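Everything numeric here is computed off the predicted structure, so don't read it as measured data. Counting begins at 1 with the first residue of the sequence.
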Amino acid sequence: MKNTTLKNVALLFALVFAISSCASMKVAKDPNAQYMGEWEYVVEELPVDIDGTLVLSQEEGVIKTLMITPMGELEIEGLTIVDGTLKAEFDAQGNMVELEGKFDGENYSGYLTVQDTDFVMKAKKVK
């Protein structure tokens, strides 16, 4: 009887280990999870103050982006992050704007390009 109980306990431990391994593999499959959250950003030397918060979230594999500026909120569609590099193009009040930069832990640095002029953009993760 003890032998059967021991086998059942061993089987239970093996099952728990297998389930936890699968769960950690699923988390590891989403390399962009670390970038989701709120990022306080500044854009240097832009004639208009748009410094604010960039909110990144993910829904069914699609990155949702909200840029909160002193002038209001702007949803950005089609933003991608590949190997830690963020890229997006969007229309802001009739101007085509491009974002491109790289994440480095809790920091982001890159460029916001408006009418072929690059402006340095930096951000720090707050949440």
Side-chain angles (χ1 to χ4, degrees):
M1 185 98 166
K2 282 186 179 183
N3 204 10
T4 305
T5 304
L6 215 53
K7 285 181 184 178
N8 288 342
V9 170
L11 183 61
L12 180 63
F13 279 128
L15 184 61
V16 168
F17 179 73
I19 290 171
S20 67
S21 294
C22 290
S24 63
M25 282 175 43
K26 185 174 183 176
V27 170
K29 285 183 183 179
D30 184 7
N32 293 333
Q34 62 188 317
Y35 310 122
M36 299 303 113
E38 293 183 13
W39 296 78
E40 287 185 359
Y41 70 87
V42 295
V43 180
E44 299 175 0
E45 300 182 23
L46 190 66
V48 180
D49 177 20
I50 65 162
D51 297 351
T53 305
L54 191 65
V55 181
L56 303 175
S57 61
Q58 199 160 317
E59 220 172 274
E60 297 179 12
V62 176
I63 298 173
K64 303 285 184 183
T65 311
L66 182 63
M67 187 175 228
I68 303 169
T69 73
M71 297 173 286
E73 297 181 355
L74 175 67
E75 284 188 45
I76 301 173
E77 294 183 15
L79 181 137
T80 61
I81 302 172
V82 177
D83 295 329
T85 299
L86 177 147
K87 289 186 181 184
E89 290 185 8
F90 58 95
D91 183 278
Q93 299 178 345
N95 293 304
M96 193 53 144
V97 177
E98 293 178 43
L99 288 177
E100 186 168 346
K102 188 99 174 138
F103 290 99
D104 182 15
E106 302 282 306
N107 297 300
Y108 167 86
S109 61
Y111 294 94
L112 180 138
T113 305
V114 182
Q115 297 177 350
D116 296 323
T117 304
D118 293 337
F119 298 95
V120 173
M121 181 175 179
K122 296 180 182 177
K124 184 150 188 74
K125 191 170 188 181
V126 290
K127 283 188 186 178

J.: Do Y108 and W39 come close enough that some side-chain heavy atom pair is under 4.5 Å?
T.: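 Contact flag for Y108/W39 side chains = yes.
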
J.: Side-chain contact, heavy-atom cut-off 4.5 Å: L112 with I50?
T.: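 Yes - at least one pair of side-chain heavy atoms lies under 4.5 Å apart.
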
J.: Under 4.5 Å between side-chain heavy atoms, hopping through other hydrophobics if needed: is there a path connecting L46 to V120?
T.: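 Looking at the clustering, V120 is in a separate group from L46.
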
J.: Is a donor on one side and an acceptor on the other found under 3.5 Å between the side chain of K125 and the backbone of Q34?
T.: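 The answer is yes, because a donor-acceptor pair under 3.5 Å joins these two groups.
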
J.: Got a sec: does the CD of E38 have more than 12 other heavy atoms crowding it under 6.0 Å?
T.: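 Result for CD/E38: enclosed.
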
J.: Does some side-chain heavy atom of M121 sit less than 4.5 Å from a side-chain heavy atom of Y41?
T.: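 Yes, at least one pair of side-chain atoms sits under 4.5 Å.
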
J.: Show me the donor-acceptor pairs within less than 3.5 Å that the side chains of residues 77-97 make with the rest of the protein, sequence neighbours left out.
T.:
residue: D91; atom: OD1; partner: G94; partner atom: N; Å: 3.1
residue: N95; atom: OD1; partner: Q115; partner atom: NE2; Å: 2.8

J.: In Å and rounded to the nearest 0.5 Å, what is the CD to CG distance from E100 to D118?
T.: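 One gets 9.5 Å once the value is rounded to the nearest 0.5 Å.
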
J.: What side-chain donor-acceptor pairs closer than 3.5 Å can you find for residues 52-76, not counting sequence neighbours?
T.:
residue: T69; atom: OG1; partner: M71; partner atom: N; Å: 3.1
residue: T69; atom: OG1; partner: G72; partner atom: N; Å: 3.3
residue: T69; atom: OG1; partner: G72; partner atom: O; Å: 3.0

J.: Answer yes or no: is there a donor N or O on one side and an acceptor on the other, between the side chain of Y111 and the main chain of L99, under 3.5 Å?
T.: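 Side chain of Y111 to backbone of L99: no pair is present.
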
